[in-house]
Amino acid sequence: MTATTSPRPRRRTGGLGRPTGRDVVSGFVTGLFSIPEGMAYASIGNFSAPLGLWSGIVPTIVGSMFTRTVLMVTTLTSAIALTSQSVLKGAGLDPGDLGAVATLTVMVGVVMLVMGLLKLGSVMSYVSTAVMTGFTTGIALQIIAGVIHDATGYSPQSSNTVGKIVDAVANIDQWQLASVLVSAATIGVWVVVRFIKPIRSLATLVALLVVTVPVALLGLDVEYVSDIATIPRALPPLSLPDIAAIPALMTGAVAVALVALAQAAGISAAVGNPDGTRSDASKDFTAQGLANIAGGFFSALPTGGSMSRTGVATSAGARTRWSGIFAGLWLALIVLLVGPFAGYIPMPVIGGLMFVIGGELVAGRWDDIVLVFRTSALSAAALVVTFAATTALPLQQAIFIGAGLSIILSVVALSRTGRILEVVRQGDGWIVENPPQSLPSHRTTVLHYTGGSIFAEVNRLQEDWPLVKGTTDAAIVLSMRGSPMVPSATFLKALDQIVADLRAEGISLVLCGVPPKFAELLTHTGRLTHLGPENVVIETPRLAESLETAYARAETLRTEARNEASRDPKGA
């Protein structure tokens, strides 16, 4: 009797789903946060402050509609603002030229969209946990360092993230008491509310309102949102790209896109989907591409996944992608109806809540940090180097360093998987043992190769290969079943040398369990003729079938060689 199983239901991953009350609230909090943070980020890039507001409306709504990391908020970030400024400056364009800004934003969107449609998001799968943990932790520290002035009233002079924190601590005597008390009160209210279970998810909003109202009414001597710029009571105006600026911005658009996509990858690694579905980096690329293309026509700067605003949304109780949609809608409504009133929000309140959010992001990665340090010294080194690069270098450079480290880690890990083992017949089956140091005479020895056939493992495999000098009346079956067999000229040259050494000693070699693609490679490179087509046995669905066939073939070759030697002992 054959057991049957019903197919497992597929988890739904598309559609907007149904919004929840928490999404409405978290969207409101995120939209409110977008006013000071968006304006501040635009200002640090020497852009007009209202552009930071517009970057949180159309791009945020469109990005949330299509992203597969459902809680990710697509908007302007400090890294994107600074990179965009650098790109425009390098192209000889004015950050105040709305046509040039629109061109850059749309071009960044096109790059993202193309990468998404080409399924290049799968490349992010090769970024190791160690590298991604170092990167996201560095971004979280950047968030904290970026609001030191807001929280303390002191502006660190260092350009390095860690240096800003050290500078601030060293000059604690220059902190403004009023700013420190307001930010500390904000953190304190947030902590207290987090202990009250019924309103725990509203901690961010409660802290914002509870501290803002009395500070604004008392008129404390701290910086307010209105001190950054006047909030216009208007929806995003239309803007048209400047076609003439396209050639000068082509390379820069790719750089900005990579910065934004790397930040988004950090978010998908740090913030899981509440519904249990998996993120899809390629879909996220596509979503951010559409967000930028649409935003470019509505006066938005280039945008991407924002770690800080995603942290605000999740801290405020976001449950679905509707949270991001509501964030954009709420921001538009707040700006249109009561925009100037948002100017009363104290910047130390924003600073205090950013401290909380940055701390939450680090705490969320703590288990991964511990895991990486317990895994290996190499992984720990990769985490530390990526973290240092993220906090000390321009983000686009840190991204390339992290990607390079991931490639090195992958190659090193794969090279260590390469091994030669002996497979010995026992009863009706086979067992695996360590290979002999010298190849035994008067029998066929079965060896099994495990690895990826990459160049880095060849030396190690040659060390494991049995010595054949002085061996007589012998044959080797080399099993390759289960190996990915990555095309490698170095590996093929090593195989040539093995065949030559064996033939010099009169020893036959039969390959078995050969993946079809590797067999095609042997044919294409002429190695199949060199080995002999009859001595290459393709892998079959039945386990050990190709091994048995190859073993019989090796025994036949060994017998033929022995008989030939006995008929012509002088030639032997």
4.5 Å side-chain heavy-atom contact, [X] and [Y]:
X: Thr445; Y: Pro440; value: yes
X: Arg374; Y: Val370; value: yes
X: Leu141; Y: Phe387; value: yes
X: Leu383; Y: Phe373; value: yes
X: Leu208; Y: Thr186; value: no
X: Phe355; Y: Ser183; value: no
X: Asn273; Y: Ser279; value: yes
X: Leu447; Y: Val477; value: no

What is the minimum heavy-atom distance between [X] and [Y], and which atoms define it?
X: Ala257; Y: Val111; result: CB-CG1, 3.7 Å
X: Ala260; Y: Gly304; result: CB-CA, 4.0 Å
X: Ser546; Y: Cys512; result: O-CB, 3.6 Å
X: Leu301; Y: Asn292; result: O-OD1, 4.2 Å
X: Asn160; Y: Ala392; result: ND2-CB, 3.0 Å
X: Thr303; Y: Ile80; result: C-CD1, 3.6 Å

So does [Y] get a backbone contact from the side chain of [X], meaning a donor-acceptor N/O pair under 3.5 Å?
X: Thr286; Y: Ser282; result: yes
X: Gln288; Y: Gly305; result: yes
X: His448; Y: Glu422; result: no
X: Trp175; Y: Ala168; result: yes
X: Gln157; Y: Ser155; result: yes
X: Gln142; Y: Thr390; result: yes
X: Asp167; Y: Gly163; result: no
X: Asn171; Y: Gln174; result: no
X: Thr133; Y: Ala130; result: no
X: Thr310; Y: Val73; result: yes

What do the steps show when you test Arg365 against Asp368 for salt bridge (Lys or Arg N to Asp or Glu O under 4.0 Å), and what is the final call?
CA-CA 5 Å; Arg365 302 296 288 182; Asp368 287 340; 3.4 Å; yes
Carefully, step by step, assess Phe491 and Tyr449 under the rule ring-ring contact (aromatic ring centres under 6.0 Å, His included).
CA-CA 12 Å; Phe491 184 84; Tyr449 161 70; 5.4 Å; yes
CD of Glu433: more than 12 outside heavy atoms within 6.0 angstrom?
yes
Would you please say whether a donor-acceptor pair under 3.5 Å links the side chains of [X] and [Y]?
X: Glu545; Y: Thr540; result: yes
X: Ser376; Y: Ser379; result: yes
X: Thr391; Y: Thr161; result: no
X: Asp284; Y: Thr67; result: yes
X: Asp23; Y: Ser26; result: no
X: Arg309; Y: Thr75; result: yes

Audit row: Ser308, Ile143, side chain to side chain contact (heavy atoms under 4.5 Å, CB included) steps and yes/no
CA-CA 7 Å; Ser308 61; Ile143 292 173; 3.7 Å; yes
Would you check, one step at a time, whether the test side chain to side chain contact (heavy atoms under 4.5 Å, CB included) holds for Phe33 with Met354?
CA-CA 10 Å; Phe33 257 72; Met354 286 294 108; 3.2 Å; yes
